[in-house]
Amino acid sequence: MQHWGFPIADDIQLASGVSACEQFHEKILKKRDRLPFEIDGVVYKVNAFALQEKLGFVSRAPRFALAYKFPAEEKETVVEHIEFQVGRTGAITPVARLKPVFVSGVTVSNATLHNFDELFRKDIREGDTVVIRRAGDVIPEVVKAIIEKRPKNTRKTALPKQCPVCGSHLVKPEGEAVLRCTGGLYCSAQLRESIKHFATRRAMDIDGLGDKIVDLLVDEKLVHHVSDLYRLKRAQLIALPRFAEKSADNLLEAIHNSKKTTLPRFLYALGIREVGESTAALLANEFGDLPLLMRADLERLEKIRDVGPVVAKHL
DNA sequence: ATACTAAGTCTGGGAGTTTG
DNA sequence: CAAACTCCCAGACTTAGTAT
């Protein structure tokens, strides 16, 4: 790239061994404030292209490069509220609503607590003063509660007894960490989230079908299942708030266009538990078309590499 | 039993499009 | 023309499932 005249970073160095890498990391950290641009760490890469190729990629990342970040800026704030969100698979996720604080360039007012094991481990309570940071300089994270600053009469956060959205009972299977709503598509949160997942770019790619539109379609009872998307009428859409001819036509066209998709994307879009992009691709590869896949029995599915008994059963 | 990978969930800011 | 909305980007963390 350099020979071709591209500007490249000055601070690159060939290093051998762990300690040389660590020294480089330290060197750049010292220099950080004097750089004419912002950085959040350094990247170690395997130098030889042949080895890079050999190592290749896994779904989300190259196996020949590793980011080594600088410590994140930490701030204190107050947990005003702990809410429970319901995901598309019914997973109940506790989320801290925070008194907004400015950290690493943005105002943070929400942070996930992941699950109840996590929450109990850290013992985060409403009213607590907490330390937060942006993990990887991106995702807000509650590091810990500051016990000395805990007001009197706070209460340990309690496990919800029923789904906060649909009231169905919740289950937490032995050995699993995630608490789940059993409502299925009866639960409007699960319905909404499954439709949003169906529409995303890497699934059916329905352009313009975002958060708010899905909420609207579900609230107006126009959609009870993803298949209902394909029965929407122009007049129904135009009757909705913030919908005019242009937006109605755009949405209908996007829905229509989504029919022209590929098998792996369709499988992924269905949102079957444990069937993400990789597994969907693998299945499409194995079966070639949908009718063949649908005729497969448990035994056949389990024989496929990387498909175990659990995934087979979900399928 | 351990290693590895995939899945699933989460957040804020800015650009671009459409409505009212 | 402001407000509302989508889309895209940045990526962490934890759990769960399969292979070895």
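None of the values given here were measured: they were computed from a predicted structure. In what follows, chains carry the letters A, B, and so on, assigned in the order in which the sequence lines appear, proteins first and then strands, with residues in each chain numbered from 1.
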Would you indicate whether A/His314, at its atom NE2, is surrounded by more than 12 heavy atoms from other residues, nucleotides or ligands within a distance under 6.0 Å? yes

Expected list for residues 113-120 of chain A near DNA chain B, using heavy atoms below 4.0 Å, is none

Which ones in residues 85-95 of chain A lie close to DNA chain B, meaning a heavy atom under 4.0 Å from one of its atoms? A/Gln85, A/Gly87, A/Arg88, A/Thr89, A/Ala91, A/Thr93, A/Val95

Return the set of residues passing salt bridge (charged side-chain N to carboxylate O under 4.0 Å, His left out) with A/Asp306 (not counting sequence neighbours), or none when no residue passes. none

Salt bridge (charged side-chain N to carboxylate O under 4.0 Å, His left out) contacts touching residues 18-31 of chain A (sequence neighbours left out): A/Asp11-A/Lys31

Compute the bend angle of the helix from B/dA1-C/dT20 to B/dG20-C/dC1 from the end axes (five pairs per end), rounded to 10°. 30°

Quick one: salt bridge (charged side-chain N to carboxylate O under 4.0 Å, His left out) partners of A/Glu73, sequence neighbours excluded? A/Lys75

Excluding A/Val143, membership of its hydrophobic cluster (Ile, Leu, Val, Met, Phe, Trp, Tyr; side-chain heavy atoms within less than 4.5 Å) reads A/Val131, A/Ile146

Of all pairs that satisfy salt bridge (charged side-chain N to carboxylate O under 4.0 Å, His left out), the ones with a partner from residues 257-277 of chain A, not counting sequence neighbours: A/Arg202-A/Glu277

For residues 238-254 of chain A, which residue pairs pass the side-chain hydrogen bond (donor to acceptor under 3.5 Å, both in side chains) check, not counting sequence neighbours? A/Arg234-A/Asp249

In 5'-to-3' order, the base (B), backbone-only (S) or no-contact (-) status of each nucleotide in nucleotides 12-20 of chain B, using a 4.0 angstrom heavy-atom cut-off, is SS----BBS

For residues 198-208 of chain A, which residues have at least one heavy atom under 4.0 Å from DNA chain C? A/Arg201, A/Ile206, A/Asp207, A/Gly208

Residues which pass salt bridge (charged side-chain N to carboxylate O under 4.0 Å, His left out) with A/Arg97, listed by chain and number, not counting sequence neighbours: A/Glu83

